Amino acid sequence: MKILYFAWLKTKLQMTEETLPWSEERPDTDSLVRWMKSRGPAFAEVFSDLEVVRIAVNQEYIVGNTALNENDEIAFFPPVTGG
Amino acid sequence: MKILYFAWLKTKLQMTEETLPWSEERPDTDSLVRWMKSRGPAFAEVFSDLEVVRIAVNQEYIVGNTALNENDEIAFFPPVTGG
Amino acid sequence: MIRVQREIFDVGAEMAALTKGRTDIGAVVSFTGLVRDFNDGSAVTGFSLEHYPGMTERELAKIETEAKARWDLQASLIIHRYGDMALGEPIVLVVTASSHRQDAFDAANFLMDWLKTKAPFWKMEKGEDGETSWVKERQTDIDAAKRWSADSQE
Amino acid sequence: MIRVQREIFDVGAEMAALTKGRTDIGAVVSFTGLVRDFNDGSAVTGFSLEHYPGMTERELAKIETEAKARWDLQASLIIHRYGDMALGEPIVLVVTASSHRQDAFDAANFLMDWLKTKAPFWKMEKGEDGETSWVKERQTDIDAAKRWSADSQE
């Protein structure tokens, strides 16, 4: 799975993207977020308030918990501020 | 008094403007319009339906009967269609 | 700023001039009215606009003043042409600049609606048969203008 | 038509290109967003936009498709920049062309409101002290986008 981070998530995690091996511990977005929180203080902080974190799977916004596949591209980012 | 005609009023009356001497018979816009209707068939036709004739005195739309003075500029025209 | 002129104008150049050198403007909305080759389903081959010199400028200035009173505008521009125009040419341009996106949108919309029912311009079209005719007012324009009267500050 | 690009663009040239050679368009509305020298009362000295390549194009295309479904549009254009921009430069351009004035106005207004809350762009501003900060979302933008959901066709 390819994971992307944008805007202040990227700044706080000091990472723009990473590749995670497929794991049965993270079969969907809810479990992926739980796993993220467990990775350390910066991750715990970034994912502490999910109200300000948007998730896209394969470049589409998701609504609710979403099943993941090995080749998915998952992006985490704050509410958008373009325009 | 200077009288101006625009758009189809001008076309029908074959006149863009005229100067009328001041007359006590036409002290206001209502009496001016009545006098206009009496000038002949073309005038009678143009002023037959006042719903489609707008009146401006000194370049301002008027509301209701309006008193006139010797040096006034009175304009008759249809509803506007610019823009 | 208002301008009434016979000559064609360049929409982009006018918009650029309005914001040139300024870094305090966040939102610019423009409306351009163009001469179409049809109207109410009939082909149009020629187009001319008559206006009432003097009153036109007064009415446009009043409309612009009203927009500035209703919305937070940093700049505004109304250009309206008269005389003969070719198909595809611009007739009217309204530009509004504001810190707030919605103010710019609403003010431009209002300016066009009021201009359409108050500014003394009259369109004449030439049809395929060569006959000229004066364009009739539209009920949709009257209704559109009324929208802004409910909250009138007059 | 949508375009996502780093380079600056010319608002007037883009608008002219959209209507060039056409005589069937009666109304064109444009919205231009510009880099301002202040935001929420603080001075802004530098400006940058990050985006999500790929998803940006998808979202903009979806928003444009939705606008075309809701209004009678003859042409439309969305250009959105990313990367570093100077104060006063254009960030975004939305242009809508229609036979009907109100369709052009409403569609442009809608495109901006949805773009503001859906297209994956993030603004970073540099303040007078040289510190950079990510711009926060605005409740007014969220509320503005919701206006169009009541009559959503989704």
Side-chain angles (χ1 to χ4, degrees), chain B residues 1-20 26 28-30 32-33 36 41-83, chain C residues 4 31-35 39-40 47-63 78-83 85 90-94 108-125 131-142 144-145 154:
Chain B
M1 295 191 296
K2 191 173 168 188
I3 314 285
L4 304 174
Y5 305 98
F6 293 97
W8 61 257
L9 281 78
K10 176 188 71 176
T11 312
K12 282 210 175 141
L13 298 175
Q14 294 181 286
M15 180 158 48
T16 61
E17 71 175 79
E18 63 180 326
T19 302
L20 291 184
R26 316 182 282 260
D28 51 33
T29 50
D30 279 3
L32 176 63
V33 166
M36 285 283 179
F43 281 92
E45 188 192 341
V46 160
F47 289 97
S48 63
D49 181 5
L50 293 176
E51 284 289 306
V52 294
V53 175
R54 300 283 176 274
I55 308 175
V57 174
N58 298 325
Q59 307 188 347
E60 299 276 353
Y61 288 104
I62 61 161
V63 180
N65 190 22
T66 299
L68 295 175
N69 295 299
E70 190 164 358
N71 294 316
D72 283 347
E73 176 177 298
I74 298 108
F76 296 103
F77 50 78
V80 304
T81 55
Chain C
V4 181
F31 176 89
T32 312
L34 302 158
V35 183
N39 189 21
D40 285 332
F47 185 88
S48 187
L49 258 173
E50 186 180 356
H51 82 120
Y52 182 175
M55 183 169 173
T56 303
E57 289 81 358
R58 292 165 75 109
E59 285 297 315
L60 292 181
K62 279 199 271 184
I63 295 167
I78 305 173
I79 303 178
H80 206 304
R81 292 174 67 200
Y82 61 90
M85 294 168 218
I91 305 164
V92 61
L93 173 67
V94 158
N109 207 332
F110 163 85
L111 284 169
M112 281 308 303
D113 285 349
W114 271 32
L115 186 160
K116 281 257 178 194
T117 54
K118 291 175 193 282
F121 287 96
W122 300 276
K123 283 179 178 152
M124 179 183 258
E125 292 174 344
E131 289 283 301
T132 58
S133 59
W134 292 101
V135 172
K136 288 202 175 56
E137 73 177 328
R138 292 169 183 276
Q139 188 60 41
T140 52
D141 286 334
I142 298 169
E154 289 178 286

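Not measured: the values here are computed from a predicted model. Proteins come first, then strands; the chains are lettered A, B, ... in the order of their sequence lines, and each starts at number 1.
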For a side-chain contact (heavy atoms from CB on, under 4.5 Å) check, start with the C-alpha distance between Gln59(B) and Glu59(C), then their side-chain angles and the critical distance, and finish with the verdict.
CA-CA 9 Å; Gln59(B) 307 188 347; Glu59(C) 285 297 315; over 6 Å; no
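Note on Gly33(C), Ala119(C), Ser133(C): by heavy-atom pairs under 4.5 Å with chain B, the leading option is Ala119(C). Looking only at heavy-atom pairs under 4.5 Å with chain B, the residue among Met124(C), Arg81(C), Arg58(C), Glu137(C) that has the most is Arg58(C). Per-residue counts of heavy-atom pairs under 4.5 Å with chain B were compared for Asp141(C), Ile91(C), Val135(C); the largest is that of Val135(C). The greatest number of non-hydrogen atom pairs below 4.5 Å with chain B, out of His80(C), Met112(C), Lys116(C), is found for Lys116(C).
Under the side-chain hydrogen bond (donor to acceptor under 3.5 Å, both in side chains) criterion, Lys12(B) pairs with Glu45(B), sequence neighbours left out. Take Arg26(B) and apply the salt bridge (charged side-chain N to carboxylate O under 4.0 Å, His left out) test, not counting sequence neighbours, and it matches no residue. Shown here are the side-chain hydrogen bond (donor to acceptor under 3.5 Å, both in side chains) partners of Thr132(C), two or more places apart in sequence or in another chain: there are none.
Note that CH2 of Trp122(C) is 9.5 Å distant from CG of Leu9(B), once rounded to the nearest 0.5 Å. With values rounded to the nearest 0.5 angstrom, Trp134(C) atom CH2 is found 11.5 Å from Trp8(B) atom CH2.
The minimum heavy-atom distance linking Thr117(C) with Tyr61(B) is given by the pair O-OH, 4.4 Å.
No more than 12 heavy atoms of other residues, nucleotides or ligands lie within 6.0 Å of CD in Glu51(B), so this atom counts as exposed by the packing criterion.
The contact between Lys136(C) and chain B is made entirely by backbone atoms, counting heavy-atom distances below 4.5 Å. At a 4.5 Å heavy-atom cutoff, the contact between Ala7(B) and chain C is made by backbone and side-chain atoms alike.
Residues of residues 70-83 of chain B that come within less than 4.5 angstrom of chain C, heavy atom to heavy atom, are Glu73(B), Ala75(B), Phe77(B), Pro78(B), Pro79(B), Val80(B), Thr81(B), Gly82(B), Gly83(B) in numerical order.
Contact of the Met55(C) side chain with the Glu60(B) side chain is not registered, since no non-hydrogen atoms from C-beta on lie closer than 4.5 Å.
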